[in-house]
Student: 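Structure in structure tokens, see below.
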Amino acid sequence: MLEFAEVQQPNRKTLFVEVILPLAISLNYTYRIPFDMNGAVAVGKRVVVQFGKSKLYTAVIAAVGEHAPEKYEAKYIIEVLDDAPVVTQKQLAFWQWVAEYYMCNAGEVMNAALPSALKLASETKIMLNREHEYDKTQLNDKEYLITEALDIQPELTISDIVKLLGQKTVMPILRLLFEKNIIILSEEVSERYKPRRKTYITLNPVYLNPDNRRELFEILEKRAPKQADSLLAYMKLSRQQKNVAKNELIEESGAGEASIKSLIEKEVFFAEQKVISRLGYEDDAEESSVFELSPAQQHALAEVREHFEKKEVVLLHGVTASGKTQLYIRLIEEMIATGRQVLYLLPEIALTTHIIERLRIYFGGTIGVYHSRFNDNERVEVWQKVLRSEYKVVLGARSSVFLPFHDLGLIIVDEEHETSYKQYDPAPRYNARDAAIYLANMHNAKVLLGSATPSFETYYNARSSKYGLVELTERYGGVQLPAIEVVSISKELKQKTMQSHFSSVLMADMALALENKEQVILFQNRRGYAPVLMCRVCAHTPKCINCDVSLTYHKHTTKLHCHYCGYKEDTPAVCPACGSTHLEYKGFGTEKVEDELSVLMPDVRLARMDLDTTRSRNSLQTILNNLEEKKIDILIGTQMVAKGLDFADVTVIGIINADSLLKYPDYRANERSYQMLSQVSGRAGRRGKQGKVVIQTYDPSHRVIKQVIENDYLDLYLTEMEERKSFHYPPFYRIISIDVKHMNPEILYNQAEYLATELRKHFGDRVIGPEPPLVNRIRNFYIKTIMLKFEKDGVSINKAKALIRDTITQFQTTKLSKGCIIQPDVDPY
DNA sequence: AGCACGCCGACT
DNA sequence: GTCGGCGTGCTC
């Protein structure tokens with residue numbers, strides 16, 4: 001395959017392109033170029049191609065060449081969508097790396113990378129053939145139903161028909177109708193991204209002359225007073241602002257659209273359509289960075305710079321509220337001064353207006369924001385601005401590693417330990433932090449990882465000098481670390497001082513905070529009301545019909561919910577197994593905490609922040625605004641409250657039950673618990689006042705809790721590393737886990753065992769399992785997990801992956817493996 | 001991911 | 001017998 005540059009001249013050569021389709025298929029496909037499009041093709045442009053019998057897809061050109069494929073006749077491409085490539089060569093190379101490293105297909109990476117408005121698949125549209133008369137009495141019931149529906153609604157999709165007929169196989173019926181010329185089937189892809197346009201009004205320069213204008217005004221005032229009003233309104237607006245939009249003018253004049261139209265016809269006004277951005281904030285930076293770095297920050301900044309001389313990656317290990325963001329701002333300023341781009345990664349949940357506003361103050365219109373709460377059109381606009389280098393800085397969540405940067409100089413990964421950097425479903429199962437390090441390498445850029453509680457992988461790399469390490473141990477502005485008090489739940493239960501789930505200590509601290517007009521955050525790592533409903537007579541618990549989990553009772557819907565597949569059912573009044581009415585709620589979630597607290601403290605303004613209350617587009621922001629404006633006294637939340645919340649008046653943090661964290665059956669449980677507890681604690685008393693953290697637990701002497709109290713990350717790290725080493729876990733070993741799924745548990749058992757045996761032929765006792773995961777059935781698929789552990793420096797991980805891939809491919813050719821889904825997960829979380 | 005083709009159970 | 005579900009293979 002040749003590069004585009006070598007075949008650029010329009011000519012009569014027959015060209016072929018290799019394209020990436022946005023599908024989970026392993027190959028790229030080759031299409032032929034019609035002669036008249038020879039000049040238009042280039043690597044990185046999107047094309048429309050037919051794939052399969054009828055579907056049209058947007059594909060991306062990965063290579064251009066002259067050799068016809070030998071084994072088949074290539075189809076022609078249908079259309080070239082772009083004037084200039086929307087995907088850069090560097091990005092294509094990056095996609096390739098992600099696909100190989102995370103053992104998935106290029107198409108899956110493409111799906112994660114491109115905003116969906118840039119990758120359209122066609123949908124089959126069913127319409128009546130108006131040219132053709134037909135006899136309704138000749139149709140059978142189903143055909144009649146379809147034509148009737150099309151009389152009411154001129155266009156239907158396949159899934160509409162499926163619903164209409166209540167059956168899955170509809171194509172034979174549709175094909176018959178098509179053959180009888182009664183319906184038309186059409187496949188269309190239309191560009192979904194539409195730039196937003198706005199009409200602006202300018203004054204004919206003739207009337208910039210005051211005499212001419214006065215003359216015009218006098219005429220208008222007599223003959224068309226409304227038009228005179230419009231002219232006056234224009235004069236007023238144009239003094240206040242650079243551009244006058246038509247709709248603003250209509251509003252200002254109160255004269256209606258007609259008068260403006262007349263003035264345009266008289267050539268007093270000129271109308272001009274301009275493409276405007278949906279993103280807002282075109283202003284320049286309001287002020288340069290006026291803040292002063294503390295001596296500790298200055299020292300850390302100097303150290304970061306020094307490490308960057310020799311190291312590609314630096315870890316900034318800074319305690320919560322040590323002012324890491326200010327360091328980032330300085331580094332970003334320096335980098336964009338050299339003309340290079342900066343990517344600033346944050347976990348989705350931390351991308352609040354708070355941090356966005358703060359950075360906009362310094363970087364104005366040169367900073368772009370990219371996250372999942374943006375709609376498609378907005379995402380395309382960010383994509384294009386990055387492509388055209390209009391954005392120098394991008395602040396974004398995990399998927400922003402896929403933006404079309406030209407020249408990255410620096411990537412900042414804040415809260416680098418966050419598990420949300422890892423995507424799990426759908427593939428690619430990539431970790432944005434690790435992918436960012438590779439991306440930086442491609443651009444010759446530096447990476448700064450920031451965290452108060454670094455992941456052990458990162459800390460290990462830093463301590464072994466692979467990464468630079470900078471420690472920032474002082475809280476900015478001399479804010480003290482919070483006082484942590486551990487409360488034994490069992491002791492308070494014995495003393496009968498617990499009020500439902502709240503210890504006397506927590507109740508007292510909350511009361512004190514509220515008295516001082518301060519705020520409280522309560523952390524409970526479980527949503528819903530009660531995770532288990534159990535019959536007291538026969539111990540029956542309602543389970544999900546699709547998954548192997550008990551259903552959680554949600555009070556606001558009064559239904560039982562499955563947190564894995566979304567299934568809901570009515571809460572039974574009597575036990576479905578034995579008919580007893582003695583049903584008991586076991587365990588508790590955020591809803592119940594809220595409920596109980598509203599009884600104990602009836603006058604306090606409560607709010608809840610969990611997946612259920614933040615699902616819609618603006619709800620998270622609303623909760624945060626209310627907290628900021630002190631419309632909330634106590635916020636109850638899941639993990640979410642641990643991340644990136646920064647409010648001055650929150651002085652008390654309550655961890656309702658630390659045991660659910662500590663008892664989690666995973667080798668990382670201690671690391672996770674420490675991170676979670678210390679991140680949540682960090683939310684207390686950030687400005688001016690020492691905060692208080694109350695940790696409620698049945699196990700107050702737990703080692704991790706001690707380490708959290710003493711703020712001794714290093715001690716945690718060193719003790720845990722001993723275990724990691726002896727039990728062959730990261731960072732000493734790399735893990736690749738393989739999920740095997742099947743609807744039938746017996747087949748799954750046999751096939752997973754067989755695959756493991758095949759893998760053992762290559763990797764011996766590096767293969768562990770298959771073992772059932774914590775939840776061994778999700779959405780009706782039974783699951784087994786095979787784990788492979790590779791010593792860090794022993795084997796070539798690339799060779800191992802190639803072997804695994806071959807083994808899986810081999811496995812999938814066997815008859816018995818049919819119906820098995822195989823999902824590799826590289827560096828799983 | 002679709003869609004076609006072919007096998008097989010259930011219902012006229 | 002036939003209709004429709006479901007498994008399986010292929011798509012440049």
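Here is the naming used below: chain letters follow the sequence lines, and residue numbers restart at 1 for every chain.
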Student: Toward the 5' end of DNA chain B, which comes first, A:Lys53 or A:Ala24, by nearest nucleotide?
Tutor: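 Looking at the nearest nucleotide for each, A:Ala24 comes out on the 5' side.
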Student: Quickly work out the A:Leu176 CG to C:dG4 C1' distance and round it to whole Å.
Tutor: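 Distance, rounded to whole Å: 15 Å.
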Student: Strictly below 4.0 Å, N to O, side chains only: are A:Glu381 and A:Arg196 in salt-bridge contact?
Tutor: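 A:Arg196 and A:Glu381: not salt-bridged.
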Student: Separation of A:Leu816 atom CG from C:dG7 atom P, in whole Å?
Tutor: 15 Å
Student: Hey, are A:Thr30 and A:Glu18 close enough side-chain-wise for a donor-acceptor pair under 3.5 Å?
Tutor: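 The answer is no; no qualifying pair exists.
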Student: How long is the line joining CG of A:Leu120 and C1' of B:dG2, in whole Å?
Tutor: 17 Å
Student: Counting the atoms with a prime plus P, OP1 and OP2 as sugar-phosphate, which does A:Ile25 contact under 4.0 Å by heavy atoms, base, sugar-phosphate, or nothing?
Tutor: base
Student: Between P on C:dT11 and CG on A:Asn28, what's the gap in Å once rounded to a whole number?
Tutor: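 After rounding, the gap between these two atoms is 15 Å.
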Student: Between A:Ile126 (CD1) and B:dG2 (P), how many Å, whole number?
Tutor: 14 Å
Student: Test A:Arg527 against every option in A:Asp612, A:Thr552, A:Asp610 by the side-chain hydrogen bond (donor to acceptor under 3.5 Å, both in side chains) rule and name the one that passes.
Tutor: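 For A:Arg527, the side-chain hydrogen bond (donor to acceptor under 3.5 Å, both in side chains) test succeeds with only one of A:Asp612, A:Thr552, A:Asp610, which is A:Asp612.
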Student: From the options C:dC6, C:dC3, B:dC3, select the nucleotide whose nearest atom is closest to the side chain of A:Lys142.
Tutor: C:dC3
Student: Specify the separation, in whole Å, of atom CG of A:Leu23 and atom P of C:dC10.
Tutor: 17 Å
Student: Go through the side-chain N and O atoms of A:Ser372 and A:Glu348 and say whether any donor and acceptor fall under 3.5 Å apart.
Tutor: yes
Student: Hey, is A:Arg433 close enough to A:Asp827 for a salt bridge, meaning N to O under 4.0 Å?
Tutor: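 No, no charged N to carboxylate O under 4.0 Å.
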Student: Is A:Tyr31 touching bases, backbone alone, or none of the nucleic acid, heavy atoms closer than 4.0 Å?
Tutor: sugar-phosphate
Student: What's the closest nucleotide to the A:Lys818 side chain, out of C:dG9, B:dC3, C:dG4?
Tutor: C:dG9
Student: Rounded to whole Å, please give me the gap between OH in A:Tyr57 and C1' in B:dA1.
Tutor: 5 Å
Student: Taking the side chain of A:Lys815 as its heavy atoms from C-beta onward, which of B:dA4, C:dG9, C:dC12 lies nearest to it?
Tutor: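 Selected nucleotide: C:dG9.
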Student: Looking only at the side chain of A:Met171 (C-beta and beyond, no hydrogens), which of the listed nucleotides B:dG2, B:dA4, C:dT11 gets closest?
Tutor: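 Closest nucleotide to the A:Met171 side chain: B:dA4.
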Student: Taking the side chain of A:Lys168 as heavy atoms from C-beta outward, which of C:dC6, C:dT11, C:dG9 is closest to it?
Tutor: C:dC6
Student: Is any side-chain N or O of A:Thr124 closer than 4.0 Å to OP1 or OP2 of B:dC3?
Tutor: yes
Student: Using whole Å, what does the distance between atom P of nucleotide B:dG2 and atom CD of A:Gln50 come to?
Tutor: 14 Å
